[in-house]
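This report refers to the structure that appears directly beneath it.
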Number of protein chains: 2
Amino acid sequence: MQSETIENYLKTIYHLSAGNSTIVNNKQLADKLKVIPATVTEAVKKLHDLKLVIYEKSYGTRLTSSGSKMALNIVRRHRIWETYLANELGFGWDEVHEIAEELEHIKNDKLIKKLSEKLGHPNFDPHGDPIPDEKGKIQKSNFIKLSEVKVKHHCKIMGVTDHSTTFLKYLEKHELIIGASITIKTIEDFDNSIVLVCQKKDVSVSSKAAECIIVETI
Amino acid sequence: MQSETIENYLKTIYHLSAGNSTIVNNKQLADKLKVIPATVTEAVKKLHDLKLVIYEKSYGTRLTSSGSKMALNIVRRHRIWETYLANELGFGWDEVHEIAEELEHIKNDKLIKKLSEKLGHPNFDPHGDPIPDEKGKIQKSNFIKLSEVKVKHHCKIMGVTDHSTTFLKYLEKHELIIGASITIKTIEDFDNSIVLVCQKKDVSVSSKAAECIIVETI
DNA sequence: ATTAATTTTTTGGTTAACCAAAAATAATAA
DNA sequence: TTATTATTTTTGGTTAACCAAAAAATTAAT
Ligand SMILES: [Mn+2]
Ligand SMILES: [Mn+2]
Ligand SMILES: [Mn+2]
Ligand SMILES: [Mn+2]
């Protein structure tokens, strides 16, 4: 098995199991990796042989500790590159993911070390996602979804859970970017849509969008 | 045929044909690409079908104009990355080649544009090799080998033709780096070894090493 | 508890990129 | 020019990563 294929499987298993070692099933993996379930069955068997996952037939797959270590490392590389592309090369936060998807597979530890160093060892990427350190440790945070903030409260945008270009461009248009301070003006009882104040302007946000914005209360 | 494989073949054909469209044979390609000749035969047939090379059975292979265009583009990407790694991230000129060998395959034109821009659109990489522009044009230069410089003459180191770590480390030790000004003190008749002055110190250089150092007379 | 729907696995098959060994061709030396 | 050597091609075979369709197993719905 090629290292790029292994890395993509491990990373996807990691994301689907939400960081924990929750069991992931073939259908989910097949959808994310854009292959058919039969391909996944084959792959997870091999990853099991490599002791990177524990695959239980007809039940599901979870990462072993060495698989998890590898996954965290790929996530680190991905997010370091995203941060680098955004902060040093001036790419938009909607452009970095696609490029990082390739760059994350470059195998050179010193390279990631140098990039991290140049960036001042950042703990969060341009989407607000935490960057694991060299040991795989992730900075804990007590962020909540914008949809959970109460009316009149103040908060600060810390991240997003939807990385699609359309969503990110929409946020940018309303200046709803990482670090922006906002105040909840009203919450509509009918559909949970929110009107908030950001940069002194009123912005209306649907409940669907509010579910995808991560904030820290202040 | 996968794009990375194609790119590696085209780049190697380009280098072996020395920029011109000299015919390259299978043995040379096999050696450089570390595969056996049978594999090369298969590959060049496919590249021929893709109209990237002209392959004449039992004779040899040369790039078509579209193959040449692609090759130049890969060389550009490789050398831009090398320059970036050296100038922006502080990698040594002996370290950059290996990493660039992977980075050159990242497919994103805007990325190369941004890197080039940040570097001030350099025309030469850390080894003194010319960087083709977006159109594939290479800056002409009238550099000569150190072994061709006459005694008492002054010159400036502009590049190397041997990229091996051992050679580059040897040069660095004697401060024989790109841009260094040197003066030829003596040339030994017996073995063509040279004694030159660099940074006020005498350095003895074998004729073999002098063949691998590119200079500009001043 | 059956039936129906979904998910998973098996089986058989493809393509890209490689290799080893044998056969064919070309180049070089005697 | 023949013999020897080197290079190239052919043939047959492997492995990784995929898919389609059928069969088996699991889960959900009636
Ligand atoms: Mn991303
Ligand atoms: Mn991200
Ligand atoms: Mn190089
Ligand atoms: Mn170079």
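Naming: A, B, ... by sequence-line order, numbering from 1 per chain.
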- Task: Would you indicate, yes or no, if D:dT7 has its OP1 or OP2 atom less than 4.0 angstrom from a side-chain nitrogen or oxygen of B:Asn25?
- Result: no
- Message: Tell me the interatomic distance from B:Asp31, atom CG, to D:dT8, atom P, rounded to whole angstroms.
- Response: 10 Å
- Query: Are B:Thr39 and C:dC19 close enough that a side-chain N or O sits under 4.0 Å from OP1 or OP2?
  - Reply: yes
- Message: Please report the distance, rounded to the nearest Å, between CD in B:Glu42 and P in C:dA20.
- Response: 14 Å
- Atom pair distance, as rounded to whole Å: CD1 in A:Ile23 and C1' in D:dT26: 16 Å
- Message: Check B:Asp31 with B:Lys27, please: is the shortest side-chain N to carboxylate O separation under 4.0 Å?
- Response: yes
- Pick the nucleotide of DNA chain D nearest each of A:Lys34 and B:Tyr59; which residue has the one closer to the 5' end? B:Tyr59
- Message: Between B:Tyr55 and D:dT9, is there a contact of a side-chain N or O with OP1 or OP2 at under 4.0 Å?
- Response: yes
- Query: Phosphate oxygens OP1/OP2 of D:dA17: is one of them under 4.0 Å from a side-chain N or O of A:Thr5?
  - Reply: yes
- Give the rounded distance in Å between these two atoms: CD of B:Gln2 and P of C:dT15. 15 Å
- Name the closest nucleotide to the A:Ala38 side chain, picking from C:dT8, C:dA20, D:dA21. D:dA21
- Message: Within the 4.5 Å heavy-atom criterion, are B:Lys110 and A:Phe91 side-chain neighbours or not?
- Response: yes
- Report the distance from atom CD1 of B:Ile36 to atom P of D:dA6, rounded to the nearest whole Å. 18 Å
- Query: Could you state the CD-P distance from A:Glu4 to D:dC18, rounded to the nearest angstrom?
  - Reply: 10 Å
- Counting just side-chain N and O atoms, does B:Asn26 come under 4.0 Å of either OP1 or OP2 of D:dT9? yes
- To the nearest Å, how far apart are B:Glu56 CD and D:dT8 P? 14 Å
- Ranking A:Val44 and B:Lys57 by the position along DNA chain C of their nearest nucleotide, the one closer to 5' is A:Val44
- Considering just the side-chain nitrogens and oxygens of B:Lys45, establish if one lies under 4.0 Å of OP1 or OP2 belonging to D:dT8. no
- What integer distance in Å separates B:Leu50:CG from C:dA16:C1'? 13 Å
- Message: Please check this pair: side chain of A:Thr83 against backbone of A:Arg79, looking for a donor-acceptor N/O pair closer than 3.5 Å.
- Response: yes
- Item | B:Thr41 side chain vs B:Pro37 backbone, donor-acceptor pair below 3.5 Å | yes
- Check whether any side-chain N or O of A:Ser58 sits under 4.0 Å from OP1 or OP2 of C:dT8, and answer yes or no. no
- Message: Do the side chains of B:Glu134 and B:Lys113 get close enough for a salt bridge, i.e. N-O under 4.0 angstrom?
- Response: no
- Task: With the side chain of A:Pro37 defined as its heavy atoms from C-beta on, choose the nearest nucleotide among C:dT8, D:dA20, C:dA17.
- Result: C:dT8
